[in-house]
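Note sheet for the following structure.
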Amino acid sequence: MNKILEKRQLSEEVFRMKIEAPLIARERKPGQFVIIQKDTNYGERIPLTIADADPDEGSITIIFQTVGKTTHEMALSNVGDSFENVLGPLGQPTHIEKVGTVVCVGGGIGVAPLHPIAQAMKAAGNHVIIIMGARNRELIIMENEMKAIADELVVCTDDGSYGRKALVTEPLKEYCESSNPAMAVAIGPPIMMKFCAETTRPYGVKTIVSLNTIMVDGTGMCGGCRVTVGGETKFVCVDGPEFDGHLVDFDNMMLRLGAFKEREQEDHHQCHLDMEIAKKKRGALR
Amino acid sequence: LAIPCQDMPSQEPSVRIHNMAEVAVGYSGEQARVEASRCLQCKNAPCVKGCPVSIDIPRFIKAAEEGRFGDSLAVIRESSLLPSICGRVCPQESQCQEHCTVGKSLKDVNRAVSIGRIERFVADYERAKGTKNIPQVAPSTGKKVAIIGSGPAGITAAADIRKAGHDVTVFEAFHKPGGVLVYGIPEFRLPKSIVEEEIHTLEEMGVDIEPNFLVGRTRKLKDLIDKDGFDAVFIGSGAGLPKFMHIEGENLVGVLSANEYLTRSNLMKAYDPEHAATPTYKSRRVAVLGGGNVAMDAARTAIRLGAEKVYIVYRRTEVEMPARVEEVGHAKEEGVEFLLLRNPKRILGDEKGRVRALEVLSYELGEPDESGRRRPVPIEGSESILDVDTVIVSIGNDSNPLLKQTTEGLETNKWGNIIADEDGKTSMDRVYAGGDIVLGAATVILAMGQGRKAAAAINRMLAEDV
Ligand SMILES: Cc1cc2nc3c(=O)[nH]c(=O)nc-3n(C[C@H](O)[C@H](O)[C@H](O)COP(=O)(O)OP(=O)(O)OC[C@H]3O[C@@H](n4cnc5c(N)ncnc54)[C@H](O)[C@@H]3O)c2cc1C
Ligand SMILES: Cc1cc2nc3c(=O)[nH]c(=O)nc-3n(C[C@H](O)[C@H](O)[C@H](O)COP(=O)(O)OP(=O)(O)OC[C@H]3O[C@@H](n4cnc5c(N)ncnc54)[C@H](O)[C@@H]3O)c2cc1C
Ligand code: SF4
Ligand code: SF4
Ligand code: FES
């Protein structure tokens with residue numbers, strides 16, 4: 001049983017939770033993730049990045065966006081409740097090394113998994129430039145945490161409601177031209193990672209992306225998470241989640257993410273209703 | 001020899017394709033006794049040699065014939081820990097029943113004494129009566145043994161080691177213990193409640209089961225010994241790495257490994273969309289690639305999940321099919337169509353990247369190969385198109401490389417199987433292995449047999465320790 005120790009809502013759709021998981025907290029490294037299942041009998045197993053961990057307290061922190069049934073149900077859980085199953089740490093840790101200048105690009109919820117990596121890159125002695133973007137001001141998360149790490153920080157929004165009005169690829173391109181980065185790390189929606197990789201390609205800047213494919217077991221048993229990287233099939237849960245963005249077949253990956261769309265849309269509709277009811281209840285209590 | 005072979009009462013095909021309940025209902029007591037009376041009680045008992053764990057078959061059958069079902073089960077339990085499971089899923093026709101004198105005299109292995117069905121009956125009978133069979137546990141030795149994986153190999157090893165009085169912890173990656181018995185083999189062939197009961201028995205013996213624990217990631221194997229104080233480790237991690245064909249279109253939407261398809265349906269209960277959050281892939285026309293038990297399970301699951309047409313595409317002929325005869329028969333009754341001597345060439349997609357069709361090439365049988373089986377050779381220009389929206393790849397499993405990758409000094413062969421000697425001892429001190437991770441994808445009873453052997457060796461080693 002993994003008890004929820006803290007819960008905070010970071011934006012309309014994004015939640016941060018600290019959960020009890022002493023074994024995972026002890027072993028985890030930046031870049032790794034867990035699989036969470038809320039209920040043993042009927043719950044879905046979903047992968048979430050370990051955003052932070054406290055081995056002394058025996059806790060890990062996850063940050064998630066409510067996109068479908070399971071994430072909505074998790075958002076409705078409160079401090080003191082438990083997630084029945086948490087498996088991890090999974091995946092290969094990020095390879096952290098001093099390389100010079102590293103541009104870290106986070107899109108939307110991708111800022112959360114980016115945070116521990118940026119932190120480790122900084123600790124390894126790199127010059128860390130952080131670009132974070134979101135659709136609008138409401139969806140910007142963890143700006144202060146990122147500010148604390150970054151040597152240079154750029155915040156942008158698609159609609160210009162906060163920071164610079166731009167897609168993250170714009171400042172990324174400028175840095176590629178001006179700062180001769182040794183490496184880029186891009187985490188966010190697949191389409192954003194795809195275009196980040198396209199942006200850095202002409203400059204020959206090695207670009208690491210963290211893929212968020214659909215998973216079941218997270219141990220290499222089902223092959224549901226497979227992607228094509230450099231013409232070869234890889235399993236994101238054991239070979240990844242990080243890969244060389246210049247080699248990933250993003251178009252195929254995006255199609256595969258839609259494999260269960262019909263069912264998800266049905267569920268999602270129901271979730272929104274549930275969330276609304278929960279909100280109203282909270283309102284009535286106040 | 002005049003007594004007719006007792007048929008297995010089963011759900012009608014037209015009924016069972018709409019439910020997940022067990023197909024074979026099981027013998028009545030009367031049928032079990034009649035079937036048992038067909039046994040000739042051969043002195044040399046050739047059947048016993050066919051059973052990987054050498055159950056004293058004539059003796060248990062004799063007891064069953066006399067209606068002493070409890071005694072009968074006790075005989076089986078001397079050698080096998082999981083009779084209600086093996087009685088259901090053993091490929092009897094190529095094990096115990098293959099050698100049966102009755103089958104040989106009638107020149108038909110399918111008319112041999114139904115050893116498995118009788119075994120299943122006595123186990124079920126005692127279970128239904130609520131007879132508890134908690135094995136005796138010796139006084140505590142204070143020694144600790146870690147078991148990696150809770151499939152048949154791990155379950156068996158855990159029980160035998162616990163009986164010797166050692167503390168046993170079973171580490172399982174999934175949220176539920178049981179291995180392939182819970183995530184792979186469907187409910188309609190092996191009710192999950194039976195597996196749950198076996199696991200429960202282990203718990204009652206004092207075995208500690210830790211789900212959500214992936215050895216290699218949650219904790220390194222070496223740390224279990226060096227830091228956590230385990231005196232021995234048994235690896236029963238199975239062969240969970242799905243093989244793919246490496247053909248064009250394999251990563252299209254709608255191409256799934258049988259492992260994924262079956263796990264979604266069985267372990268995650270996607271067949272019950274009212275309750276389960278995990279979706280299954282919506283299919284109308286399905287091609288299952290392969291001819292083993294796994295392929296039959298996937299095909300029959302697809303039928304139950306509402307597919308209109310399900311094909312098995314297999315490279316050789318029915319004779320070479322590794323699936324159990326009973327499974328092939330059941331699949332046919334349920335409307336699965338077998339396309340034999342056919343091999344997939346590529347998978348075609350539509351503009352949305354979803355499977356639209358499968359191109360298959362026809363084969364004919366050529367000269368025998370090293371294994372003595374006639375090798376299928378492709379017929380030039382015989383390509384044809386199969387209109388399907390789902391392709392389930394079911395051509396076998398390799399070993400999961402995680403433990404090897406995270407454990408220095410653990411030796412494997414070129415297929416990734418852990419190298420172990422007769423006793424299951426690996427290249428590492430105090431580390432044993434058995435089941436599919438050693439044998440490659442094999443059977444429940446072989447995994448169980450290896451678990452027993454390794455447990456005996458571990459018990460001997462720990463007894464010599466001071
Ligand atoms: C390694 C990894 C790390 C991730 N880290 C984070 C994170 O830190 N924060 C975060 O908000 N999200 C993260 N994700 C994505 C997250 O797993 C999905 O948002 C979540 O599974 C959606 O579940 P749902 O039931 O709420 O939505 P659904 O309605 O089921 O699906 C919404 C969308 O999520 C994706 N999805 C659905 N089921 C799964 C599944 N079992 N596994 C993966 N994706 C699925 C699909 O693309 C789908 O279209 C990560 C994914 C991976 C693979
Ligand atoms: C669909 C299907 C149908 C089958 N039908 C039959 C049949 O009819 N008859 C028959 O005899 N055989 C059948 N088999 C084969 C049989 O199930 C296997 O041979 C048998 O289960 C192997 O047992 P095992 O204990 O070695 O491994 P498994 O049953 O595979 O169990 C291994 C367990 O270890 C866990 N694990 C793996 N790695 C780790 C780790 N690092 N840390 C912690 N846990 C880990 C896995 O999650 C799994 O639960 C079938 C197999 C499949 C897939
Ligand atoms: S365990 Fe399997 S092989 Fe042995 S007697 Fe029973 S059914 Fe036959
Ligand atoms: S070989 Fe057949 S007939 Fe002979 S003892 Fe075994 S089960 Fe009975
Ligand atoms: S999630 Fe099943 S193999 Fe990666």
Side-chain angles (χ1 to χ4, degrees), chain A residues 2 21 23-24 26-28 32 34-46 68-70 73 84-92 214-228 232-233 235 238 249 251-264 266-267, chain B residues 172-176 180 183-184 210-214 216-220 223 237-244 246 250-264 267-270 272-282 349 352-354 393 397-402 405:
Chain A
N2 304 267
L23 301 176
I24 301 173
R26 176 177 66 183
E27 297 283 332
R28 78 95 206 193
Q32 290 187 301
V34 288
I35 288 214
I36 296 193
Q37 189 192 29
K38 200 170 154 285
D39 144 63
T40 300
N41 277 321
Y42 293 109
E44 185 169 21
R45 296 166 62 95
I46 67 159
K69 183 178 165 80
T70 305
E73 284 178 359
E84 292 189 0
N85 301 296
V86 180
L87 169 70
L90 302 173
Q92 308 280 350
I214 292 180
M215 294 190 175
V216 182
D217 56 303
T219 68
M221 188 279 286
C222 77
C225 62
R226 65 196 191 280
V227 285
T228 311
E232 274 182 59
T233 293
F235 287 9
V238 286
D249 181 347
D251 295 335
N252 177 253
M253 175 185 153
M254 285 186 268
L255 291 170
R256 290 184 58 83
L257 272 171
F260 300 95
K261 232 182 211 126
E262 298 141 33
R263 167 73 194 277
E264 283 157 6
E266 269 170 45
D267 288 347
Chain B
E172 168 55 50
F174 265 126
H175 54 278
K176 273 189 199 158
V180 169
Y183 78 70
E210 292 267 355
N212 305 311
F213 195 115
L214 182 65
R217 289 261 185 263
T218 311
R219 194 67 163 159
K220 300 264 188 302
D223 289 344
S237 56
L241 179 76
K243 282 196 218 175
F244 285 92
H246 306 292
E250 206 157 36
N251 288 349
L252 287 167
V253 177
V255 184
L256 296 91
S257 75
N259 284 2
E260 177 180 358
Y261 192 71
L262 291 170
T263 302
R264 283 180 180 276
L267 181 70
M268 309 309 296
K269 300 206 176 74
D272 178 6
E274 261 202 52
H275 298 101
T278 305
T280 178
Y281 194 72
K282 273 242 169 306
K352 289 190 187 135
R354 293 183 171 242
V393 184
N397 284 302
D398 284 331
S399 329
N400 192 314
L402 179 70
Q405 283 165 4

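Keep in mind that this is a model prediction, so the values were computed, not measured. To find a chain, count down the sequence lines: A is the first, B the second, and so on, and within it residues start at 1.
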Taking all non-hydrogen atoms of both residues, which atom of A:Met221 and which atom of B:Pro242 are closest, and how far apart? O-CD, 3.1 Å

Which one wins on heavy-atom pair count under 4.5 Å against chain B: A:Leu23, A:Asn85, A:Asp217, A:Asp249? A:Asn85

Between B:Asn251 and A:Asn252, do the side chains contain an N or O donor and an N or O acceptor separated by less than 3.5 Å? no

Can you tell which part of B:Pro211 gets under 4.5 Å to a heavy atom of chain A, answering side chain, backbone, both or neither? neither

Partners of B:Leu267 by side chain to side chain contact (heavy atoms under 4.5 Å, CB included), sequence neighbours excluded? B:Phe174, B:His175, B:Lys176, B:Val182, B:Tyr183, B:Thr263

Chain B contacts, top residue of A:Gly223, A:Gly224, A:Gly218, A:Pro89 (heavy-atom pairs, under 4.5 Å): A:Pro89

Taking side chain as everything from C-beta outward and backbone as N, CA, C, O, which of these in A:Arg226 sits under 4.5 Å from a heavy atom of chain B? Side chain, backbone, both or neither. side chain

Could you tell me the separation between the CG atom of A:Leu255 and the NZ atom of B:Lys352, rounded to the nearest 0.5 Å? 10.5 Å

Side chain / backbone / both / neither for A:Val34 at chain B, heavy atoms under 4.5 Å: neither

Over 12 non-hydrogen atoms of neighbours within 6.0 angstrom of NZ in B:Lys282: no

Interface residue of largest heavy-atom contact number with chain A, from B:Phe244, B:Tyr281, B:Tyr261, under 4.5 Å: B:Phe244

Taking every heavy atom of A:Cys222 against every heavy atom of B:Ser257, the minimum-distance pair comes out as O-OG, 2.5 Å

For residues A:Leu87 and B:Leu214, determine if any side-chain heavy atom of one lies less than 4.5 Å from a side-chain heavy atom of the other. yes

Interface check, chain B: of A:Ile35, A:Ile46, A:Leu257, A:Val216, most non-hydrogen pairs under 4.5 Å belong to A:Val216

Could you check whether A:Glu27 pairs with B:Arg219 (Lys NZ or Arg NE/NH1/NH2 to Asp/Glu carboxylate O, under 4.0 Å)? yes

Would you say A:Arg28 and B:Thr218 make side-chain contact, with heavy atoms under 4.5 Å? no

Derivation of the side chain to side chain contact (heavy atoms under 4.5 Å, CB included) call for B:Glu260 and A:Met215: CA-CA 9 Å; B:Glu260 177 180 358; A:Met215 294 190 175; over 6 Å; no

Measure distances from A:Ile36 to the heavy atoms of chain B and classify the residue's part below 4.5 Å as side chain, backbone, both or neither. neither

Does B:Leu241 have any side chain to side chain contact (heavy atoms under 4.5 Å, CB included) partners at least two apart in sequence or in another chain, and if so, which? A:Phe235, B:Asp398, B:Pro401

Please look at A:Val238 and chain B and tell me whether the side chain, the backbone, both or neither of the residue comes under 4.5 angstrom of a heavy atom of that chain. backbone

Do B:Asp272 and A:Tyr42 touch side chain to side chain, with heavy atoms closer than 4.5 Å? yes

Answer whether the closest heavy-atom distance between the side chains of A:Glu232 and B:His246 falls below 4.5 Å. no

Between B:Ala277 and A:Lys69, which heavy-atom pair has the shortest distance, and what is it? CB-CE, 3.6 Å

Are any non-hydrogen side-chain atoms of B:Arg264 and A:Phe260 less than 4.5 angstrom apart? yes

B:Thr278 versus A:Arg45: any side-chain heavy-atom pair under 4.5 Å? no

Interface moiety of A:Asp251 toward chain B, non-hydrogen atoms closer than 4.5 Å: neither

Against chain A, work out which of B:Asp223, B:Val255, B:Leu252 has the most heavy-atom pairs shorter than 4.5 Å and name it. B:Val255

